[in-house]
Amino acid sequence: QVQLVESGGGLVQPGGSLRLSCAASGSIFSIRVMGWYRQTPGKERELVAVITEGGSTNYADSVKGRFTISRDNGKNTVYLQMNSLKPEDSAVYLCYGEITSNPFLYGKNYWGKGTLVTVSS
């Protein structure tokens, strides 16, 4: 089984920075896509940023220019550097991975349990 574990969440002031990490472990052949989503009470889960195994990235318009996603394929880990944080960035941030166990199967979607980010003065 595949497991995603996030870390790095916490309380920061507006304008501050935070770096999230997510490490994947288990039966992994390849991680096609890895990224971050966020969710707040009463809202649908939304994409924050994703990165493919080839290094292509996609960001939500609301975080473009402030957040940077990266990955370390050797460690099966994805990072999210969050700068210039705003109160509206407060949410549970969930790690996402599209992961294959062998080269002949389609990837399956996996989710971490989430890490809480609170931006408040």
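When reading the values below, keep in mind they use all heavy atoms of this one structure, side chains included, and skip hydrogens, waters and symmetry mates. This chain uses plain numbering: 1 for the first residue, then up along the sequence.
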Tested for side-chain contact (heavy atoms from CB on, under 4.5 Å) against Arg71, the lone hit among Val33, Thr77, Ile51 is Ile51
Could you report the tightest heavy-atom contact between [X] and [Y], atom names first, then the distance?
{"X": "Leu4", "Y": "Tyr96", "result": "CD1-C, 3.9 Å"}
{"X": "Ile99", "Y": "Ala24", "result": "CD1-CB, 4.4 Å"}
{"X": "Leu47", "Y": "Asn58", "result": "CD2-O, 4.2 Å"}
{"X": "Met34", "Y": "Ile69", "result": "O-CD1, 3.9 Å"}
{"X": "Cys95", "Y": "Val78", "result": "SG-CG1, 3.9 Å"}
{"X": "Tyr93", "Y": "Glu6", "result": "O-OE2, 4.0 Å"}

What's the verdict on side-chain contact (heavy atoms from CB on, under 4.5 Å) for Val48 and Met82, showing C-alpha distance, side-chain angles and the deciding distance?
CA-CA 11 Å; Val48 178; Met82 305 185 293; over 6 Å; no
pair Pro87-Pro14: side-chain heavy atoms closer than 4.5 Å
yes
Answer whether the closest heavy-atom distance between the side chains of Ser120 and Leu11 falls below 4.5 Å.
yes
Evaluate whether atom CD of Glu88 has more than 12 neighbouring non-hydrogen atoms of other residues, nucleotides or ligands under 6.0 angstrom away.
yes
Do the ring planes of Tyr37 and Trp111 sit parallel (below 30°), tilted (30 to 60°) or perpendicular (above 60°)?
perpendicular
Val12 and Ser17: side-chain contact (heavy atoms from CB on, under 4.5 Å), yes or no, with the steps?
CA-CA 7 Å; Val12 296; Ser17 298; over 6 Å; no
Can you get from Val2 to Trp36 by hopping between Ile, Leu, Val, Met, Phe, Trp and Tyr side chains that sit under 4.5 Å apart?
yes
May I ask you to decide if Gln13's main-chain N or O and Ser121's side chain share a donor-acceptor pair within less than 3.5 Å?
no
Output, in order, the C-alpha distance, side-chain angles, deciding distance and verdict of side-chain contact (heavy atoms from CB on, under 4.5 Å) for Val50 and Thr52.
CA-CA 7 Å; Val50 293; Thr52 70; over 6 Å; no
Distance (rounded to the nearest 0.5 Å) between [X] [atom1] and [Y] [atom2]:
{"X": "Arg19", "Y": "Ser7", "atom1": "CZ", "atom2": "OG", "value": "10.0 Å"}
{"X": "Arg38", "Y": "Leu80", "atom1": "CZ", "atom2": "CG", "value": "9.5 Å"}
{"X": "Leu85", "Y": "Arg66", "atom1": "CG", "atom2": "CZ", "value": "6.5 Å"}
{"X": "Gln3", "Y": "Ser27", "atom1": "CD", "atom2": "OG", "value": "13.5 Å"}
{"X": "Glu98", "Y": "Lys108", "atom1": "CD", "atom2": "NZ", "value": "12.5 Å"}
{"X": "Asp89", "Y": "Phe67", "atom1": "CG", "atom2": "CZ", "value": "4.0 Å"}

Does the side-chain contact (heavy atoms from CB on, under 4.5 Å) test come out yes or no for Thr68 and Tyr59, once each step is laid out?
CA-CA 9 Å; Thr68 302; Tyr59 296 91; 3.9 Å; yes
